[in-house]
Amino acid sequence: MSGSPDSEPVLTRQAKLFDGSALLDLLTILAVLVIVKQSVLPFSYLYAGPASTLSAMVVATMILRRSGLGWKDLGLRWPENWWKTIGLTLLSMAAFIAATQLMQLFANAFFEDVGTGGRFDHIEGNLAAYIGIMLLVWTHGSFFEELLFRAFVIDRTSTALGGGWKADIVAALFSSIFFGYRHYYYQGMYGALITGAGGFTSGSDAKISCR
């Protein structure tokens with residue numbers, strides 16, 4: 001999600017003071033993420049997360065269209081400068097690795113690594129199940145989660161707080177905490193902390209690249 005210095009997401013640029021509409025948008029998406037996941041969990045441990053993310057994507061798209069906007073306004077567009085994008089990608093990868101490794105050292109001292117809690121055990125020796133999970137990874141994980149948590153949630157949180165770099169930091173931190181919570185149900189606190197640390201660096205990088 002890259003752009004020129006003047007291509008900061010439209011939603012954020014328009015905010016001057018506390019924005020109640022942005023807060024309502026944020027709470028709506030958070031409610032969809034929580035309610036749908038908790039509703040599906042009793043029936044499917046595997047698909048509860050993807051189902052809630054897909055539902056939130058649909059609602060978030062409707063919210064954007066209601067404002068006359070689209071995902072491109074939050075950064076989903078072709079880069080204007082590929083060299084800058086490549087450079088930011090390499091820096092982002094380095095920051096991601098550093099943050100997750102440091103958080104892993106902390107998590108190792110206090111929490112047990114439960115892996116993925118058996119969530120993906122069924123794919124061993126099952127090609128069809130493996131292909132299905134890969135399709136989820138490249139849609140739910142690679143696009144939907146990034147657009148929701150690194151674009152929509154951060155943008156709406158920052159806008160609700162009035163915008164600016166301080167609001168951006170708080171927004172990235174909030175998004176990373178919620179993102180970690182989203183993974184707690186099958187990764188435990190160990191995985192939630194590491195996932196949250198990775199989410200914070202990714203969210204911070206996304207805001208930097210959009211400025």
Side-chain angles (χ1 to χ4, degrees), residues 22-66 71 74 76 96 99-100 103-104 106-157 160 171-203 206:
L23 179 60
L24 179 59
D25 292 344
L26 173 65
L27 293 177
T28 299
I29 293 303
L30 296 183
V32 171
L33 287 167
V34 172
I35 293 173
V36 173
K37 189 181 82 170
Q38 295 305 123
S39 299
V40 177
L41 264 178
F43 306 98
S44 175
Y45 191 64
L46 177 63
Y47 295 108
S52 62
T53 306
L54 176 60
S55 301
M57 277 294 297
V58 172
V59 175
T61 301
M62 293 171 60
I63 290 173
L64 289 173
R65 288 185 176 180
R66 181 193 65 192
W71 289 104
L74 294 182
L76 184 62
F96 180 90
T100 53
M103 184 57 76
Q104 184 175 17
F106 173 80
N108 279 332
F110 299 100
F111 305 102
E112 178 186 2
D113 181 4
V114 297
T116 57
R119 189 180 180 209
F120 304 110
D121 288 353
H122 70 289
I123 69 174
E124 185 175 357
N126 188 331
L127 180 60
Y130 173 77
I131 293 174
I133 290 298
M134 287 299 98
L135 290 174
L136 276 181
V137 168
W138 287 106
T139 52
H140 161 73
S142 299
F143 285 95
F144 296 166
E145 284 190 343
E146 296 305 309
L147 288 171
L148 281 172
F149 293 100
R150 257 61 81 184
F152 193 93
V153 170
I154 289 180
D155 184 88
R156 294 286 76 192
T157 303
L173 182 60
F174 172 76
S175 175
S176 68
I177 292 173
F178 189 80
F179 190 63
Y181 149 76
R182 289 270 300 171
H183 292 77
Y184 176 82
Y185 76 104
Y186 72 97
Q187 292 183 353
M189 183 59 74
Y190 181 95
L193 287 172
I194 296 173
T195 303
F200 180 75
T201 57
S202 297

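Residues Gln104 and Asp113 are not in side-chain contact: their nearest non-hydrogen atoms beyond the backbone lie 4.5 Å or more apart. At a threshold of 4.5 Å between non-hydrogen side-chain atoms, the residues Phe178 and Leu33 count as touching. Counting heavy atoms from C-beta outward, Leu46 and His122 have side chains that approach closer than 4.5 Å. Using a 4.5 Å cut-off on side-chain heavy atoms (C-beta onward), Thr61 and Trp71 make contact.
Within 6.0 Å of the OH atom in Tyr130, the count of heavy atoms belonging to other residues, nucleotides or ligands does not exceed 12. Within a 6.0 Å radius of CD1 in Ile35, no more than 12 heavy atoms belonging to other residues, nucleotides or ligands are found. No more than 12 heavy atoms of other residues, nucleotides or ligands sit less than 6.0 Å from atom CZ of Phe143. Residue Phe111 qualifies as enclosed at atom CZ: its count of foreign heavy atoms under 6.0 Å is above 12.
Here the closest non-hydrogen pair linking Ala51 and Val40 is CB-CG2, 4.2 Å. Scanning all heavy atoms of the two residues, the minimum distance from Gly49 to Arg182 falls at O-NH2, 3.3 Å. Contact record, Gly203 with Ile154: CA-CD1, 3.5 Å, taken as the closest heavy-atom pair. Residues Ala22 and Ala160 share a closest heavy-atom pair of CB-N, 3.7 Å. The minimum heavy-atom distance between Arg150 and Gly199, with the atom names listed, is NH1-CA, 3.7 Å. Summarising the geometry of Ile29 relative to Ala56, their closest heavy-atom pair is CD1-O, 3.6 Å, with the distance given to 0.1 Å.
For the atom pair Ser52 OG and Phe144 CZ, the distance stands at 11.5 Å (nearest 0.5 Å). For the atom pair CG (Leu30) and CG (Leu148), the distance works out to 10.0 Å, reported to the nearest 0.5 Å. Interatomic distance, Arg119 CZ to Tyr186 OH, rounded to the nearest 0.5 Å: 4.5 Å.
When atom types are taken as modelled, the side chain of Thr100 and the backbone of Ile194 share no donor-acceptor pair closer than 3.5 angstrom. For the pair Ser175 (side chain) and Ala171 (backbone), a donor-acceptor distance under 3.5 Å is absent.
Counting only residues at least two apart or on different chains, the side chain to side chain donor-acceptor pair (under 3.5 Å) pairs with a member in residues 23-42 are Asp25-Arg66, Asp25-Arg156.
Under the side-chain contact (heavy atoms from CB on, under 4.5 Å) criterion, Glu145 pairs with Thr53, His140, Phe149, Phe179, His183, sequence neighbours left out. Here Ser176 pairs with Leu173, Phe200 under the side-chain contact (heavy atoms from CB on, under 4.5 Å) rule; sequence neighbours left out.
Between Tyr184 and Tyr181, the distance from one ring center to the other does not fall under 6.0 angstrom.
Applying side chain to side chain contact (heavy atoms under 4.5 Å, CB included) to Phe152 and the options Ile63, Leu26, Leu147 leaves one that passes, Ile63.
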